[in-house]
Number of protein chains: 2
Amino acid sequence: MKRSFVEEIHQLHAELCQALADPKRILMLYALAKGPTPVGDLAEQLGIRQSNASQHLAVLRDRGLVTAERSGTTVFYQLRYPAVLQALDLLRGVLRERLEENQGHVNRLMEIAR
Amino acid sequence: MKRSFVEEIHQLHAELCQALADPKRILMLYALAKGPTPVGDLAEQLGIRQSNASQHLAVLRDRGLVTAERSGTTVFYQLRYPAVLQALDLLRGVLRERLEENQGHVNRLMEIAR
DNA sequence: CGCGTATATTCGTACTGTTGAATATAAATG
DNA sequence: CATTTATATTCAACAGTACGAATATACGCG
């Protein structure tokens with residue numbers, strides 16, 4: 001399939017967003033904000049299997065959002081662009097606004113939360 | 001399935017990102033930045049079918065990113081949170097950085113683009 | 001009410017993404 | 001070189017998403 005340059009850019013833009021479109025990957029990125037972290041630590045922090053952590057990290061690596069550096073047998077992942085966290089924070093702000101406007105939804109969450 | 005309050009927030013955060021994870025929806029949001037726009041206009045600008053435009057707008061509506069207002073038979077969609085565009089701009093900046101670092105990839109795009 | 005226009009929804013299909021289990025690789029260590 | 005530890009990859013099942021075509025709804029108008 002042929003695609004224009006502009007279309008390709010929008011595709012990549014969307015793929016970047018897609019990398020953020022999973023709760024576990026969001027948690028990973030915020031965790032990485034505190035510094036380079038081994039895969040095992042991330043898996044433990046998120047309460048997920050090691051293979052699953054590797055899979056999510058592979059997505060973030062593919063999209064260029066993190067880099068991996070080996071030290072002995074352990075691999076430290078590192079956040080590459082702090083701006084990604086800024087973007088996530090902006091969206092979190094939007095979410096907060098939305099929930100505040102929409103009382104019913106907040107209440108539903110409260111129900112679930114207790 | 002039981003989910004904690006915090007987990008639910010991250011789920012919603014991810015769903016917000018997911019709403020942005022499609023080239024056509026990104027284009028729609030940028031188009032809406034210029035002001036309220038009827039569905040038909042959006043479909044035409046993006047070169048997609050009307051039903052497809054409605055489907056994508058439904059996603060944006062579900063995530064609370066746009067509102068719809070009827071005027072006669074036409075429905076005007078409106079951007080609700082400008083911060084969403086800021087977030088998209090940040091990510092576009094990240095994309096630009098990434099492409100500049102990675103010359104090979106840029107060149108591949110150039111190949112495709114010509 | 002019947003018709004036209006604008007938008008929404010439903011449906012089938014093809015594609016993509018997420019997961020755990022199992023297996024593979026890579027490095028350190030004895 | 002065999003073993004252990006940390007990470008990566010593959011696989012199969014399942015869930016979710018995107019699309020066009022067809023159909024439904026909603027409004028205005030005569």
Side-chain angles (χ1 to χ4, degrees), chain A residues 1-3 7-8 10-29 31-32 36-78, chain B residues 1-3 7-8 10-29 31-32 36-78:
Chain A
M1 144 177 290
K2 208 86 145 302
R3 217 198 296 258
E7 280 169 338
E8 187 75 12
H10 284 120
Q11 178 64 38
L12 292 171
H13 199 172
E15 284 172 10
L16 220 51
C17 294
Q18 183 128 324
L20 311 179
D22 183 282
K24 293 167 189 171
R25 288 199 291 269
I26 292 178
L27 284 168
M28 277 181 167
L29 290 169
L32 290 177
T37 316
V39 178
D41 288 18
L42 289 171
E44 192 183 5
Q45 284 179 45
L46 303 199
I48 62 181
R49 317 250 158 200
Q50 171 267 322
S51 68
N52 196 7
S54 271
Q55 287 161 345
H56 282 301
L57 287 166
V59 173
L60 296 175
R61 230 188 315 117
D62 283 348
R63 311 303 210 264
L65 297 186
V66 300
T67 53
E69 195 173 342
R70 194 154 208 139
S71 166
T73 74
T74 98
V75 176
F76 286 81
Y77 276 82
Q78 190 163 2
Chain B
M1 153 181 308
K2 207 81 145 308
R3 218 199 295 258
E7 280 169 339
E8 186 74 12
H10 284 119
Q11 178 63 38
L12 291 171
H13 199 172
E15 285 173 9
L16 220 51
C17 294
Q18 185 135 347
L20 310 179
D22 183 283
K24 292 169 188 168
R25 289 199 290 268
I26 291 178
L27 284 167
M28 277 181 168
L29 290 169
L32 289 176
T37 316
V39 178
D41 289 18
L42 289 171
E44 192 182 4
Q45 283 179 46
L46 304 200
I48 62 180
R49 318 251 158 198
Q50 170 266 321
S51 67
N52 196 9
S54 271
Q55 287 162 346
H56 282 301
L57 287 166
V59 172
L60 296 175
R61 230 188 314 118
D62 282 349
R63 310 303 209 265
L65 297 185
V66 300
T67 53
E69 196 173 342
R70 192 152 211 142
S71 167
T73 74
T74 99
V75 176
F76 286 81
Y77 276 81
Q78 190 163 2

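Hydrogens, waters and symmetry mates play no part in the numbers below; they use all other heavy atoms, side chains included. So that the names make sense, note that chain A is the first sequence line, chain B the second, and so on, each numbered from 1. Note that this is a predicted model, so its numbers are computed, not measured.
- Atom CG of L46(B) and atom P of dG20(D) are 12 Å apart (whole Å).
- When rounded to the nearest whole Å, the span between CD1 of I48(A) and P of dG20(C) equals 8 Å.
- Side-chain atoms of V66(B) and M28(B), non-hydrogen and from C-beta on, never get closer than 4.5 Å to each other.
- Within the structure, every side-chain polar atom (N or O) of R49(A) is placed at least 4.0 Å from both OP1 and OP2 of dA6(D).
- Atom P of nucleotide dA6(C) and atom CD of E69(B) are separated by 19 Å, given to the nearest angstrom.
- Along DNA chain C, the nucleotide nearest S71(A) and the nucleotide nearest D22(A) are compared for position; the residue whose nucleotide lies closer to the 5' end is D22(A).
- Distance from the side chain of V75(A) is smallest for dA8(D) among the nucleotides dG16(D), dC19(D), dA8(D).
- Put simply, the side chain of Q50(B) and the base of dA8(C) share a donor and an acceptor less than 3.5 Å apart.
- Regarding L60(B), its CG atom lies at a distance of 16 Å from the P atom of dT7(C), rounded to whole Å.
- At the heavy-atom level, F76(B) lies nowhere under 4.0 Å from the strands shown.
- Between the P atom of dA6(C) and the CG atom of D41(B) lies a distance of 10 Å, rounded to the nearest Å.
- Between the R25(B) side chain and the A14(A) main chain, no donor and acceptor come within less than 3.5 Å of each other.
- Nearest nucleotide to the side chain of H56(B), out of dT18(C), dC19(D), dG17(C): dC19(D).
- The interatomic distance linking L57(B) (CG) with dC19(D) (C1') rounds to 15 Å, in whole Å.
- Taking only side-chain nitrogens and oxygens, R70(B) never comes nearer than 4.0 Å to OP1 or OP2 of dA26(D).
- The two residues L60(B) and A19(B) have their closest heavy-atom pair at CD2-O, 4.0 Å.
- Distances from the side chain of V39(A) to the nucleotides dA8(D), dC19(D), dG20(D) place dA8(D) closest.
- As a whole-Å value, the separation of N52(B) CG from dT9(C) P is 14 Å.
- Residue side chain Q55(A) reaches the base of dG20(C) through a donor-acceptor N/O pair under 3.5 Å, judged by distance alone.
- Look at R25(A) and you'll find a side-chain N or O under 4.0 angstrom from OP1 or OP2 of dT18(C).
- Per the geometry, CG belonging to L20(A) stands 14 Å off P belonging to dG17(C), to the nearest Å.
- The Q18(B) side chain lies nearest to dT17(D) when the options are dA6(C), dT17(D), dT7(D).
- Residues A43(A) and A53(A) come closest through the heavy atom pair CB-CB, 3.8 Å.
- Side-chain contact check for Q11(A) and E15(A): at least one donor-acceptor pair (N or O, by modelled atom type) lies under 3.5 Å.
- Nucleic acid contact for S54(A): base, since at least one base atom lies under 4.0 Å from a heavy atom of the residue.
- In the set dA8(D), dA22(D), dA27(C), the nucleotide with an atom closest to the side chain of T73(A) is dA27(C).
- At least one side-chain nitrogen or oxygen of Y77(B) sits closer than 4.0 Å to the OP1 or OP2 atom of dA8(C).
- In this structure, the side chains of H56(A) and L42(A) stay at 4.5 Å or more apart for every pair of heavy atoms.
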